[in-house]
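Ligands are counted one by one from 1 in listed order, and the atoms in each one are counted from 1 as well. Computed from a prediction, not measured in an experiment: that's the story for all the values here.
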Amino acid sequence: MQIQENFSLRELNSFGIEATAKYFASFAEVEDLEDLLSAVQLSSIVNQQMLVLGGGSNILLTRNFDGWVLKNEILGIQELHEDDAYVYVKVGAGENWHSFVQYSIDNGWAGLENLSLIPGNVGASPMQNIGAYGVDLRDVFWDLEAYHLQDKMVHTFTEEDCEFGYRESVFKNKYKGQFVILNVTFRLHKKPVFHTSYGAISEELQKMGIKELSIRAISQAVINIRRSKLPDPAQVGNAGSFFKNPTVTREYFEELKLEYPEIVGYSLPGDQVKLAAGWMIEKCGWKGWRKGDAGCHEKQALVLVNYGEAKGSEIYSLSQEIIESVEFRFGVILEREVNII
Ligand code: FAD
Ligand code: EPU
């Protein structure tokens, strides 16, 4: 176990923000984690702030972290068992998400293809119930094991226990900071159920000249669409959508529509409508906006970017200005999706 002091996190967050961790260590097994936690408790000089880090693709570091950053590097992919319809696969939290998606496709296991190319690690996937192109993590989730930092026990969470919602779970709200997710078990289809109705998937499949649908073709279509509009963190720092798409009543949506006939919204059950935050932000004039190295992506206004040397606090201030202008113009308050540290 190696503990490093005043450790730079720049390479470990997809925004590429320069910030340090007072103490940094990684763990590859639950026993390493327990050793680390003893070290944290025995140390008299630290306050007990702790951040569990995966791939760092959904955080904004707004300051140096005056505590412990523990990087989860638990690996392993294990096929547990199968029945007529499904295969159950347990995956270590430190496995890269997209590599696992590719591994499942190689094995002919279906269900993850629409979630291709989402950055980050498997352990963070339940945190906000990652979703894209008509599929949420919840659709393929079976259960997970998580270590409780106070009672020091490993707990199992079923889908119901996780209380998944749109970009939400118990780990992001009521149990925030209490559990370290160790592994996730997925229930994947042996026979694929294709989801091609969302967004531009069908159009992209056609463009690709696909005659026979397959999970690999869908995965490639999703990859192509994502590459066409989302910035690659290796080129431009970002954490994907910075805000959630907000929900309003149908009545309010109709009111907005009178003034903005082209407003983008998707019907939800219970007379609710989900608004496209990216459309509203663009309408407020932010798309492609840049001040210093902090900006709003030129192809997707929902994504805030660091062109190089932006500070986390500058990105945060920009997000605040965007929230205020969207509220002023549309009467809707945007909520940040990215975890602010
Ligand atoms: P991190 O950023 O390391 O951590 C995120 C949060 O989870 C932090 O609060 C951290 O403390 C906590 N955490 C991480 N691992 C653990 C663990 N093992 N136990 C307990 N807590 C933990 N998200 C989507 O849902 N859909 C998308 O389409 C999407 N597209 C994206 C596109 C781009 C270009 C980028 C940069 C991001 C995108 N995201 C998307 C966001 C991001 O990829 C996901 O939220 C991803 O799951 C984050 O994983 P991570 O390992 O990087 O998490
Ligand atoms: N739009 C604009 N201007 C913009 C951006 C979007 O008008 O600058 C419009 C688009 O034209 C479209 C609508 O808004 O009509 C929705 O845009 P898009 O399909 O790009 O999706 P999104 O709602 O902006 C969400 C997720 C993404 C996910 C995609 C695909 C959230 C917060 N974001 O984005 O997730 O990949 O759908 O399913 O729900 C992430 O969470 O980090 C993320 C990238």
Identify, by atom number and element, the atoms of ligand 1 in contact range of [X], meaning under 4.0 Å from any of its heavy atoms.
X: F179; answer: 20 (C)
X: V180; answer: 19 (N), 20 (C)
X: L53; answer: 3 (O)
X: I59; answer: 2 (O), 8 (C)
X: G120; answer: 49 (O), 50 (P), 51 (O), 52 (O)
X: G56; answer: 1 (P), 2 (O), 3 (O), 50 (P), 52 (O)

I'd like to check which ligand 2 atoms, numbered from 1 as shown, lie under 4.0 Å from a non-hydrogen atom of [X].
X: V264; answer: 15 (O)
X: Y166; answer: 31 (C), 32 (C), 39 (O)
X: G278; answer: 2 (C), 3 (N), 4 (C), 5 (C), 8 (O)
X: R226; answer: 36 (O)

Residue, atom name and distance, where the atom is the protein heavy atom closest to [atom]:
atom: atom 19 (O) of ligand 2; answer: K229 NZ, 3.5 Å
atom: atom 24 (O) of ligand 2; answer: Q300 NE2, 2.8 Å
atom: atom 41 (O) of ligand 2; answer: E337 OE2, 2.6 Å
atom: atom 12 (C) of ligand 2; answer: Y266 OH, 4.0 Å
atom: atom 51 (O) of ligand 1; answer: G55 N, 2.7 Å
atom: atom 37 (O) of ligand 2; answer: Y198 OH, 3.7 Å
atom: atom 7 (O) of ligand 2; answer: W279 CD1, 3.3 Å
atom: atom 21 (N) of ligand 1; answer: M127 SD, 3.6 Å
atom: atom 38 (O) of ligand 2; answer: Y133 N, 2.8 Å
atom: atom 42 (O) of ligand 2; answer: S241 N, 2.8 Å
atom: atom 13 (N) of ligand 1; answer: V52 O, 3.7 Å
atom: atom 45 (O) of ligand 1; answer: Q128 NE2, 2.9 Å
atom: atom 39 (N) of ligand 1; answer: I118 CG2, 4.2 Å

Are the side chains of [Y] and [X] in contact, using a 4.5 Å heavy-atom criterion?
X: F27; Y: E73; result: no
X: S267; Y: F253; result: no
X: Y103; Y: V91; result: no

#### Entry: Protein non-hydrogen atom below 4.0 angstrom of atom 27 (C) of ligand 2 present
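Within 4.0 Å: yes, protein heavy atom nearby.
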### Query
Under 4.0 Å from atom 5 (C) of ligand 2, do we find at least one protein heavy atom?
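Yes.
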### Task
Please verify whether a non-hydrogen atom of R167 lies at under 4.0 Å from ligand 1.
yes
### Query
With a 4.0 Å cut-off on heavy atoms, is R226 touching ligand 1?
yes
So for [X], does at least one of its heavy atoms come nearer than 4.0 angstrom to any atom of ligand 2?
X: R167; result: yes
X: H297; result: no
X: F242; result: no

#### Entry: Backbone or side-chain N or O of A301 under 3.5 Å from ligand 2 N or O
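It does: an N or O of A301 is found under 3.5 Å from an N or O of ligand 2.
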### Message
For the 3.5 Å polar cut-off, considering only N or O atoms, please tell me whether E282 and ligand 2 meet it.
### Response
yes
Proximity of [X] to ligand 1 by residue part, where a heavy atom lies under 4.0 Å:
X: N339; value: side chain
X: N72; value: side chain
X: A239; value: backbone
X: P231; value: backbone
X: W97; value: neither
X: L51; value: side chain

### Any donor-acceptor pair under 3.5 Å from N238 side chain to P231 backbone
yes
### Query
Sub-3.5 Å donor-acceptor pair from the side chain of K172 to the main-chain atoms of N339, do we have one?
no
Does the plane of the ring in [X] sit parallel, tilted or perpendicular to the ring in [Y]? Use 30° and 60° as the thresholds.
X: F7; Y: F24; value: parallel
X: W97; Y: F100; value: perpendicular
X: F179; Y: F171; value: perpendicular

### Message
Can you see whether S104 engages N107 through a side-chain donor-acceptor pair at a distance of less than 3.5 angstrom?
### Response
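N107 and S104 do not have a side-chain donor-acceptor pair below 3.5 Å.
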### Query
Just checking, is any N or O donor in the side chain of S116 or S219 under 3.5 Å from an acceptor N or O on the other one?
yes
Out of [options], who gets a non-hydrogen atom closest to [atom]?
atom: atom 36 (C) of ligand 1; options: A93, S169, G240; result: G240
atom: atom 43 (O) of ligand 1; options: P119, A124, P126; result: P119
atom: atom 26 (N) of ligand 1; options: A132, S57, G131; result: G131

### Message
Using a 6.0 Å distance limit plus a 45 degree cone around the ring axis, check whether R63 lies over the aromatic ring of Y316.
### Response
no
### Task
Sort out for me which residue in E95, E79, E145 forms a salt bridge (charged side-chain N to carboxylate O under 4.0 Å, His left out) with K90.
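With K90 as partner, E95, E79, E145 yield a single salt bridge (charged side-chain N to carboxylate O under 4.0 Å, His left out), made by E145.
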Ligand 1 N/O within reach of [X] N/O, cut-off under 3.5 Å:
X: I181; answer: yes
X: S14; answer: no
X: E337; answer: no

### Query
Using heavy atoms and a threshold below 4.0 Å, how should the contact between A276 and ligand 2 be classified: side chain, backbone, both, or neither?
side chain
